[in-house]
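Worksheet for the structure shown next.
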Amino acid sequence: MSAERPSLPPVRLHTEAELARDALSAPLLARAARLARWAGPETRVGAGGELAEAQLPAAAEHLGLADDEDGAAYASEAWRLAVDTGLVDVQDPQDESAPGEGPDGDAEGTVTAGENLALLTGGSPQDVLGIWLDGLDAVHADATAPAFDDFADLVNEDGSVDFDALDWDPETEAEFLDGVLGNLYLLTLAEAGPGAAPVPLPALAASVVVPDDMDEPTDEVLEQVSEAMMRLDDQFRVLEPIGIVEYLPVDETLLSGDGEEPEADDEDVTRYGMVRLTPLGLYGIRERMLEAGVDAPAVGDLADKGADALLDGIAYYPEDAARSEVVLWLGHRGTEGAAQAAAELLAAARGSDGGAPLRRLHCQQALASVGPEAEPAVRAVLDDPELGGLARV
């Protein structure tokens with residue numbers, strides 16, 4: 001057996017029940033659910049599944065946003081999420097049973113409640129989190145989508161879209177945002193969890209722009225950091241409503257150039273944007289990393305594994321995380337299984353490979369948590385050439 005250092009430190013996640021409650025209270029998903037319940041046979045959608053223009057005022061009013069100048073935009077955004085997460089099912093306007101053309105001559109379809117809508121209230125926490133993760137994917141795609149002033153300028157004579165004119169590479173944009181979120185994840189773990197202090201946006205932008213071996217950023221690199229900041233400001237504004245971050249945007253007077261040049265003190269840092277990862281954000285980013293094949297352990301992952309996986313897995317964990325993992329592992333076996341757990345730990349600590357000394361050290365520490373039930377197994381190896389030392393300790 002050999003222990004391989006994980007690429008990321010272990011994260012402490014809230015329980016699935018707590019995370020599901022956070023997901024349900026995320027503003028964007030909550031609005032999407034309200035619109036899904038509001039929709040009925042008379043609700044009309046366009047060819048792309050978007051809520052028909054004439055329906056937006058009523059949707060905004062249902063959300064309590066009738067007096068908000070951006071109410072229609074918020075309603076449209078929430079509706080798109082309802083479609084993307086299966087809270088509503090859209091009937092294609094090209095379908096024979098669809099009602100045909102709307103008042104403006106465009107084809108319109110109808111909607112029915114989606115299967116996922118019932119899961120938000122009657123499903124398990126895992127069901128809720130699965131729907132929320134689908135929503136996170138959709139919002140992530142929105143955050144990395146290109147911005148343009150007039151879509152008509154991008155349409156060729158044959159009706160195709162000239163993506164080259166956007167100067168936009170979707171893979172590059174997604175990798176940039178994922179890199180930023182990955183760094184925010186690491187910074188959050190370094191500060192011992194989601195209760196950590198918010199991260200200044202300039203520092204986060206610099207973490208993905210400034211080369212590690214650069215002692216003093218050049219003017220060109222500083223300009224790139226500034227551009228990255230503005231990109232992130234837009235992206236975090238899009239991401240915040242799904243609940244993964246708490247975000248204080250960049251002061252708009254700085255963007256317009258109307259504000260006075262701030263003095264260099266701690267309070268001024270907030271004018272450039274501050275971002276904090278939420279507990280739900282830790283969960284969501286970790287899920288995205290796992291899907292991408294990144295080794296992103298969480299405390300509790302090893303609770304149902306064998307003793308060999310436990311001792312190898314915690315080899316490079318911080319001390320408190322390793323202790324918590326052992327407690328969860330023992331708790332999974334219960335008091336009745338304590339003696340057997342001790343025997344399994346001792347068996348897993350055997351070996352003469354390079355990782356053996358560290359395994360035996362963690363085994364010794366774990367046995368201290370087992371209690372008196374470990375005594376028979378420990379006494380049985382007092383004279384063992386490999387395990388006798390830790391047994392005598």
Side-chain angles (χ1 to χ4, degrees), residues 26-29 31-32 35 45-53 56 59-60 65 69-88 90 106 131-156 159-185 201 204-205 208-209 224-247 249-250 252 255 273 275 277 280-281 284-285 287-289 291-292:
L28 187 53
L29 184 59
R31 289 173 179 170
L35 287 186
V45 295
E50 73 281 3
L51 200 58
E53 192 76 22
L56 289 176
L65 301 172
E69 63 179 358
D70 296 320
Y74 290 142
S76 177
E77 180 184 43
W79 181 261
R80 290 199 308 273
L81 191 78
V83 174
D84 289 336
T85 55
L87 301 183
V88 293
V90 175
D106 292 333
I131 294 169
W132 179 83
L133 285 170
D134 288 341
L136 176 59
D137 287 343
V139 173
H140 184 284
D142 286 344
T144 57
F148 44 81
D149 296 326
D150 190 347
F151 183 75
D153 294 339
L154 304 174
V155 179
N156 297 318
S160 62
V161 179
D162 183 6
F163 287 105
D164 291 337
L166 287 172
D167 190 23
W168 172 65
D169 183 338
E171 290 187 4
T172 300
E173 290 296 325
E175 288 175 2
F176 170 78
L177 182 55
D178 283 334
V180 170
L181 293 174
N183 283 359
L184 184 57
Y185 183 91
L201 195 60
L204 191 57
V208 292
V209 172
Q224 293 174 3
V225 170
S226 180
E227 292 174 359
M229 267 181 57
M230 295 303 98
R231 273 166 79 188
L232 290 173
D233 181 61
D234 290 336
Q235 291 173 334
F236 282 131
R237 289 172 192 257
V238 174
L239 290 170
E240 185 179 31
I242 200 63
I244 74 166
V245 293
E246 297 171 0
Y247 183 55
V250 175
E252 292 188 0
L255 301 179
V275 62
L277 204 57
L280 187 60
I285 294 174
E287 287 297 313
R288 288 182 61 84
M289 289 193 293
E291 187 175 347

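Every value quoted in this text rests on a predicted model; they were computed, and no experiment measured them.
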Next item on the list: Tell me, with the steps shown, if Leu56 and Tyr74 meet side-chain contact (heavy atoms from CB on, under 4.5 Å).
Entry: CA-CA 9 Å; Leu56 289 176; Tyr74 290 142; over 6 Å; no

Note to self: Quick one, Leu81 with Leu87, criterion side-chain contact (heavy atoms from CB on, under 4.5 Å). Give me CA distance, side-chain angles, the key distance, then yes/no.
What the structure shows: CA-CA 8 Å; Leu81 191 78; Leu87 301 183; over 6 Å; no

Note to self: Applying side-chain contact (heavy atoms from CB on, under 4.5 Å) to Trp79 and Arg31, what does each step give before you reach the verdict?
What the structure shows: CA-CA 8 Å; Trp79 181 261; Arg31 289 173 179 170; over 6 Å; no

Checklist line | Verdict with reasoning, Glu50 to Val45, per side-chain contact (heavy atoms from CB on, under 4.5 Å) | finding: CA-CA 5 Å; Glu50 73 281 3; Val45 295; over 6 Å; no

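Asp233 contributes a side-chain N or O that, together with a main-chain N or O of Val250, makes up a donor-acceptor pair within less than 3.5 Å. No donor-acceptor distance shorter than 3.5 angstrom exists from the side chain of Trp132 to the backbone of Ala26, with no hydrogens or angles considered. For Glu240 (side chain) and Glu246 (main-chain N/O), no donor-acceptor pair under 3.5 Å exists by modelled atom type.
Closest approach of Gly284 to Leu133, counting heavy atoms only: CA-CD2, 4.1 Å. Across all non-hydrogen atoms, the minimal contact from Arg80 to Asp142 is NH2-OD2, 4.1 Å. Closest heavy-atom contact between Leu280 and Ile242: CD2-O, 4.1 Å. Asp84 and Ala138 get closest at one heavy-atom pair: OD2-CB, 3.5 Å. Minimum heavy-atom separation, Leu136 to Arg288: CD2-CD, 4.0 Å. The shortest non-hydrogen separation linking Ala78 to Ala32 is O-CB, 3.3 Å.
Leu204 places a side-chain heavy atom less than 4.5 Å from the side chain of Phe236. Side-chain contact between Val139 and Ile244 is absent, with no heavy atoms from C-beta onward closer than 4.5 Å. Side-chain contact between Val238 and Tyr247: absent, with no pair of heavy atoms (C-beta onward) separated by less than 4.5 Å. Residues Leu232 and Phe176 have side chains in contact (heavy-atom distance under 4.5 Å, counting atoms from C-beta outward). Glu173 is listed as a side-chain neighbour of Gln235, based on a closest heavy-atom distance under 4.5 Å.
One distance of note links CG of Leu35 with OG of Ser76; it measures 10.0 Å at 0.5 Å rounding. In this structure, CG on Leu201 lies 10.0 Å from CG on Leu184, to the nearest 0.5 angstrom. Rounded to the nearest 0.5 Å, atoms OG1 (Thr144) and CZ (Arg231) are 10.0 Å apart. The distance from the CG atom of Leu177 to the NE2 atom of His140 is 4.0 Å, given to the nearest 0.5 Å. Here the straight-line distance linking atom CD1 of Ile285 with atom CG of Leu181 works out to 4.5 Å at 0.5 Å rounding.
When the side chain to side chain contact (heavy atoms under 4.5 Å, CB included) test is applied to Pro241, the partners found at least two apart in sequence or on another chain are Leu28.
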